[in-house]
Amino acid sequence: MKNNFFTLKQQLIVTLLLFGSGTFLFSQELTKNVTQSGSLSTILSDEEKANTVKLKITTSNGASLNTTDFDILNKMPKLKELDLSGDMNTTTLPGNAFADNQTIETINFPANLKSIGGGAFNNSALKGTVTFPKTVTGMGDIIGRFGNCQGITAFDFPDNRNFSTHEGVLYFTGDDKIMRLVRYPCGKEAESYTMKEGAQTIEEQAFFYNKKLKKLILPTSFEKFAKEDAIFRDVTALESIDVESGNTTFASTGGLLLNKTTKSLVYFPPANKTENLTIDGNLVEKVPAGFFSNA
């Protein structure tokens, strides 16, 4: 009886090891070719949908991925790495394509991707550096697409005619030759950042949801915010905004930002620890309503 017990125990262990090993090998990488839009559900078996960790998708016969295909990808519970670089046909990611997806951590975009729909990756689990193909050239394809992605630490746009990066921070220079800071990564760990010299504008939502940055330094070239009340939402650690001497429009006092042209206070960082403040009346004549709400 004792020998039978150990025999059964050994068989169970071997069975578990084989099953675990099989699942591990199966889930390492899976490649599928889509020949008809919306057919990913039938191309993948139920077992593949449930267990795949790495998935590479190519397309042929003019097929491109559509919302039905993206819905399937979002429902795969173990999918962490998605490689679409072999997809030559998909040029658009639909709005909210991967919004709230908490499994996919890395993505390689379709090689000829041109546009990214609104909210496409908001609240997603993307991690590390997000690299874009050179075919994405519009600033509007970035703003409002990567909100609250706490794992993203940098953006990269190699060989792109409109985008460039500085310490992982994304800048855009369009036909008007104005350099704009477009997106500061939510997960960037640095506590201090000096905006690139030559940049003139900070775009809407540029610093949304970063919880690490304590000090932002604006260069002499900086001229304006695209929308003053929609730049720093939930930037909870920010203590001060400093301005390099020589800037003709902005200055800083006690870490608070002021506009020298309009003679008004602009922004009170939420983590600013100033307890006593003396305001120079030669520099400031206007205090916006609710300015000290963070104090």
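Residue numbers count from 1 along this sequence. If you're wondering where the values come from, they're calculated on a predicted model, not measured in any experiment.
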In terms of side-chain geometry, is the basic nitrogen of [X] or [Y] positioned less than 4.0 Å from the acidic oxygen of its partner?
{"X": "Asp242", "Y": "Lys215", "result": "yes"}
{"X": "Lys196", "Y": "Glu167", "result": "no"}
{"X": "Glu29", "Y": "Lys54", "result": "no"}

Between atom [atom1] of [X] and atom [atom2] of [Y], what is the distance when rounded to the nearest 0.5 Å?
{"X": "Ile279", "Y": "Leu258", "atom1": "CD1", "atom2": "CG", "answer": "9.0 Å"}
{"X": "Asn101", "Y": "Glu105", "atom1": "CG", "atom2": "CD", "answer": "10.0 Å"}
{"X": "Glu48", "Y": "Leu79", "atom1": "CD", "atom2": "CG", "answer": "12.0 Å"}

Looking at side-chain heavy atoms only, is the closest gap between [X] and [Y] below 4.5 Å?
{"X": "Leu73", "Y": "Ile57", "answer": "yes"}
{"X": "Val34", "Y": "Ile43", "answer": "yes"}
{"X": "Leu256", "Y": "Phe291", "answer": "yes"}
{"X": "Ile72", "Y": "Asn74", "answer": "no"}

Give a yes or no on whether the ring-centroid distance for Phe155 and Phe146 is below 6.0 angstrom. yes

Any chance the rings of Phe132 and Phe109 have centres within less than 6.0 Å?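 Yes, they do, as the ring centres are separated by less than 6.0 Å.
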
Nearest heavy-atom pair of Pro269 and Gly255: which atoms, and what distance? CG-O, 3.4 Å

Between Ala50 and Pro77, what is the shortest heavy-atom contact and its length?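 Heavy atoms of Ala50 and Pro77 come nearest at O-CG, 3.6 Å.
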
So, using side chain to side chain donor-acceptor pair (under 3.5 Å) as the criterion, who are the partners of Asn33 when residues are at least two apart? Thr58, Ser60

By side chain to side chain donor-acceptor pair (under 3.5 Å) - contacts of Thr31 (at least two apart): none

From CA spacing to verdict: side chain to side chain contact (heavy atoms under 4.5 Å, CB included), Glu244, Thr194: CA-CA 9 Å; Glu244 292 183 344; Thr194 301; 3.7 Å; yes

Residue pairs passing the ring pair (Phe, Tyr, Trp, His ring centres under 6.0 Å) test where at least one lies in residues 176-200, sequence neighbours excluded: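 Found His166-Tyr193, Tyr184-Tyr193, Tyr184-Phe207.
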
Show me the pairs that pass ring pair (Phe, Tyr, Trp, His ring centres under 6.0 Å) and involve residues 32-82, at least two apart or across chains.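 Every pair satisfying ring pair (Phe, Tyr, Trp, His ring centres under 6.0 Å) with a residue in residues 32-82: Phe70-Phe98.
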
Around atom [atom1] of [X], are there more than 12 heavy atoms of other residues, nucleotides or ligands at under 6.0 Å?
{"X": "Gln102", "atom1": "CD", "answer": "yes"}
{"X": "Lys32", "atom1": "NZ", "answer": "yes"}
{"X": "Lys260", "atom1": "NZ", "answer": "yes"}
{"X": "Lys286", "atom1": "NZ", "answer": "no"}

Output a table of donor-acceptor pairs, distance under 3.5 Å, between side-chain atoms of residues 224-241 and any protein atom two or more places apart or on a different chain; print 'none' if there are none.
unit_1: Glu239; atom_1: OE2; unit_2: Lys273; atom_2: NZ; d: 2.9

Can you see whether [X] engages [Y] through a side-chain donor-acceptor pair at a distance of less than 3.5 angstrom?
{"X": "Ser115", "Y": "Asp141", "result": "no"}
{"X": "Asp87", "Y": "Thr90", "result": "yes"}
{"X": "Asn148", "Y": "Gln150", "result": "yes"}

Asp280: which residues meet the side-chain contact (heavy atoms from CB on, under 4.5 Å) condition with it, sequence neighbours left out?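 Asp280 satisfies side-chain contact (heavy atoms from CB on, under 4.5 Å) with Asn282, Leu283 once adjacent residues are dropped.
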
